[in-house]
Peer 1: 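Below you will find the structure I want to go over with you.
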Amino acid sequence: MEGVELLSKYFPNLSEWQIDQFSRLKPLYEEWNPRVNVISRKDLDNLYERHILHSLAIAKYIRFKPGATVLDLGTGGGFPGIPLAIFFPESHFTLIDGTGKKIQVVEAVLQGCEIQNADAIQLRAEEVRGKFDFVVTRAVAELSHLVRWSFPLLKPEQKHAIPNGIIALKGGNLQAEIKAMVTKEFVEQVSIHGYFKEDFFAEKSVVYVQGP
């Protein structure tokens with residue numbers, strides 16, 4: 001199963017507008033990827049499973065509230081930020097990456113999908129000046145680095161079921177990485193295979209690090 005049907009299998013309550021936005025993603029990436037390579041050719045054929053559904057594992061872990069502010073740190077081609085922005089239209093997403101060409105692609109996809117609740121900015125984490133409820137990432141860096149970059153960017157006020165913090169999509173065995181963290185903040189690792197049954201997710205996790 002591929003395409004929007006795969007998303008609807010796990011998220012049956014998507015609106016017609018959300019389905020339309022998700023359906024626009026593959027043609028946009030097929031148009032842009034030959035110019036700026038943000039997705040491997042093999043992964044482009046499996047875009048909805050390996051990028052979009054993978055990103056939406058965060059939507060299984062947490063429901064962002066209306067008015068929530070979320071930073072996608074090191075967004076690359078727009079993941080997980082773009083799928084999350086479509087899924088949570090009343091929350092606001094800021095997608096940053098240090099590579100200008102990648103941000104150019106993200107801006108084009110946001111425009112092509114008429115996503116109004118997200119901004120794409122060429123920035124490094126150290127240059128961010130705003131404050132956010134959550135920082136989300138996918139395969140950007142080890143948790144210890146994410147903590148160092150992200151904790152100064154978290155708002156002190158809490159309004160979600162879990163405290164503000166980092167929500168990272170990670171793969172493989174993470175025990176050494178978690179043990180190496182300098183911080184002693186609460187860390188939770190949840191297997192994505194518990195959400196989505198495809199083999200691709202067998203060794204993939206959502207990792208939550210509670211903020212300071």
Side-chain angles (χ1 to χ4, degrees), residues 7 10-15 17-22 25 51-97 103 106-107 109-111 113-141 143 146-170 183 185-190 192 195-196 205-212:
L7 307 184
Y10 291 109
F11 299 98
N13 296 321
L14 293 173
S15 69
W17 174 236
Q18 287 172 314
I19 289 170
D20 180 58
Q21 288 178 300
F22 280 124
L25 288 174
H51 292 275
I52 301 169
L53 190 62
H54 189 198
S55 298
L56 291 177
I58 292 174
K60 288 288 190 183
Y61 183 78
I62 184 174
R63 178 162 290 277
F64 293 123
K65 292 189 174 182
T69 55
V70 182
L71 176 69
D72 179 2
L73 190 158
T75 189
F79 303 100
I82 288 176
L84 291 173
I86 294 174
F87 195 88
F88 295 107
E90 295 183 326
S91 303
H92 190 272
F93 295 82
T94 301
L95 284 57
I96 67 166
D97 200 280
I103 290 298
V106 174
E107 286 177 332
V109 174
L110 291 174
Q111 188 174 359
C113 292
E114 298 179 66
I115 297 171
Q116 305 294 328
N117 60 318
D119 298 307
I121 308 169
Q122 183 184 355
L123 271 181
R124 295 168 58 83
E126 301 89 334
E127 300 169 325
V128 178
R129 292 291 171 261
K131 297 280 187 180
F132 304 87
D133 296 306
F134 289 94
V135 174
V136 299
T137 73
R138 187 177 74 146
V140 168
L143 291 169
L146 294 177
V147 165
R148 190 173 77 250
W149 296 330
S150 303
F151 274 18
L153 305 176
L154 294 172
K155 292 179 181 177
E157 330 65 74
Q158 318 282 340
K159 58 185 178 186
H160 288 79
I162 59 174
N164 297 353
I166 302 165
I167 305 173
L169 297 171
K170 306 282 286 183
T183 178
E185 302 295 342
F186 173 75
V187 179
E188 181 177 42
Q189 179 180 357
V190 178
I192 294 177
Y195 302 141
F196 310 136
S205 302
V206 175
V207 180
Y208 164 69
V209 183
Q210 182 176 325

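These figures come from a predicted structure and were not determined experimentally.
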Peer 1: For L73 and S150, run side-chain contact (heavy atoms from CB on, under 4.5 Å): C-alpha distance rounded to whole Å, both residues' side-chain angles, the deciding distance at 0.1 Å, then the answer.
Peer 2: CA-CA 8 Å; L73 190 158; S150 303; 3.7 Å; yes
Peer 1: Looking at every heavy atom in both L143 and A168, which two are closest together, and how far apart are they?
Peer 2: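 In this case the closest contact between L143 and A168 is CD2-CB, 4.4 Å.
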Peer 1: So F64 and F93, would you call those rings parallel, tilted or perpendicular, with 30° and 60° as cut-offs?
Peer 2: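 F64 and F93: perpendicular rings.
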Peer 1: F88 and N117: which non-hydrogen atoms are nearest, and at how many Å?
Peer 2: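 Scanning both residues, the minimum pair turns out to be O-ND2, 3.0 Å.
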Peer 1: Any chance you could lay out the side-chain contact (heavy atoms from CB on, under 4.5 Å) test for V135 and W149, step after step, and finish with the verdict?
Peer 2: CA-CA 10 Å; V135 174; W149 296 330; over 6 Å; no
Peer 1: Run V187 and V207 through side-chain contact (heavy atoms from CB on, under 4.5 Å) and show every step you take.
Peer 2: CA-CA 7 Å; V187 179; V207 180; 3.9 Å; yes
Peer 1: How long is the span from the CD1 atom in I121 to the OG1 atom in T75, to the nearest 0.5 Å?
Peer 2: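 OG1 of T75 is found 11.5 Å from CD1 of I121.
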Peer 1: What I'd like to find out is whether the side chain of V206 reaches to under 4.5 Å of the side chain of E188, using heavy atoms alone.
Peer 2: no
Peer 1: Mind checking the CD1-CZ spacing from I62 to F134? Nearest 0.5 Å is all I need.
Peer 2: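 Output value for this atom pair is 3.5 Å.
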Peer 1: Going from CG on D133 to CD on Q158, what distance comes out if it is rounded to the nearest 0.5 angstrom?
Peer 2: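 Atom-to-atom, D133:CG and Q158:CD are 8.5 Å apart.
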Peer 1: Has the side chain of N164 got a donor or acceptor atom that lies under 3.5 Å from a matching backbone atom of K155?
Peer 2: yes
Peer 1: Find out whether I162 and Y61 are in side-chain contact, i.e. whether some heavy atom of one side chain is under 4.5 Å from a heavy atom of the other.
Peer 2: yes
Peer 1: Side chains of V109 and I82, heavy atoms from C-beta outward: is any pair under 4.5 Å?
Peer 2: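 With C-beta onward as the side chain, the pair touches.
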Peer 1: Could you tell me which non-hydrogen atom of S15 sits nearest to which non-hydrogen atom of Q18, and how far apart they are?
Peer 2: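 Looking at all heavy atoms of both residues, the closest pair is N-OE1, 2.9 Å.
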Peer 1: Can you tell me how the ring of F11 sits relative to the ring of F87, calling it parallel under 30°, perpendicular over 60° and tilted otherwise?
Peer 2: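 Aromatic pair F11/F87 classed perpendicular.
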Peer 1: Is there a donor-acceptor pair closer than 3.5 Å between any side-chain N or O of K65 and the backbone N or O of K159?
Peer 2: yes
Peer 1: Looking at E126 and R124, is there a salt bridge between them, counting it only when a charged N and a carboxylate O are closer than 4.0 Å?
Peer 2: yes
Peer 1: Step by step, work out the side-chain contact (heavy atoms from CB on, under 4.5 Å) result for L84 and L56.
Peer 2: CA-CA 6 Å; L84 291 173; L56 291 177; 4.3 Å; yes
Peer 1: Quick one: which of T137, I167, V70 gives a side chain to side chain contact (heavy atoms under 4.5 Å, CB included) with I58?
Peer 2: I167
Peer 1: Is it the case that more than 12 heavy atoms not belonging to Q111 sit under 6.0 Å from its CD atom?
Peer 2: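 Atom CD in Q111 is not crowded, with 12 or fewer foreign heavy atoms closer than 6.0 Å.
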Peer 1: Minimum heavy-atom separation for D97 and G74, please, with both atom names.
Peer 2: OD2-C, 3.5 Å
Peer 1: How long is the straight-line distance from CD1 of I166 back to CG of L154, given to the nearest 0.5 Å?
Peer 2: 6.5 Å
Peer 1: Measure the CG-CD1 distance between L25 and I52 for me, rounded to the nearest 0.5 Å.
Peer 2: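 Interatomic distance, L25 CG to I52 CD1, rounded to 0.5 Å: 4.5 Å.
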Peer 1: Determine the interplanar angle of the H51 and F79 rings, folded into 0 to 90°, and report it as parallel if under 30°, tilted if 30 to 60°, perpendicular if over 60°.
Peer 2: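 Ring orientation, 0 to 90° scale: tilted.
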Peer 1: Rounded to the nearest 0.5 Å, what separation is found between the CG atom of L110 and the CD atom of Q21?
Peer 2: 10.0 Å
Peer 1: Heavy atoms only: give me the nearest V106-G78 pair and the separation to one decimal.
Peer 2: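 Closest approach of V106 to G78, heavy atoms only: CG2-N, 3.6 Å.
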Peer 1: Determine the minimum heavy-atom distance between H54 and L169, stating which atoms define it.
Peer 2: O-CD1, 3.5 Å
Peer 1: Is the F196-Y10 ring centre distance short of 6.0 angstrom?
Peer 2: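 Yes.
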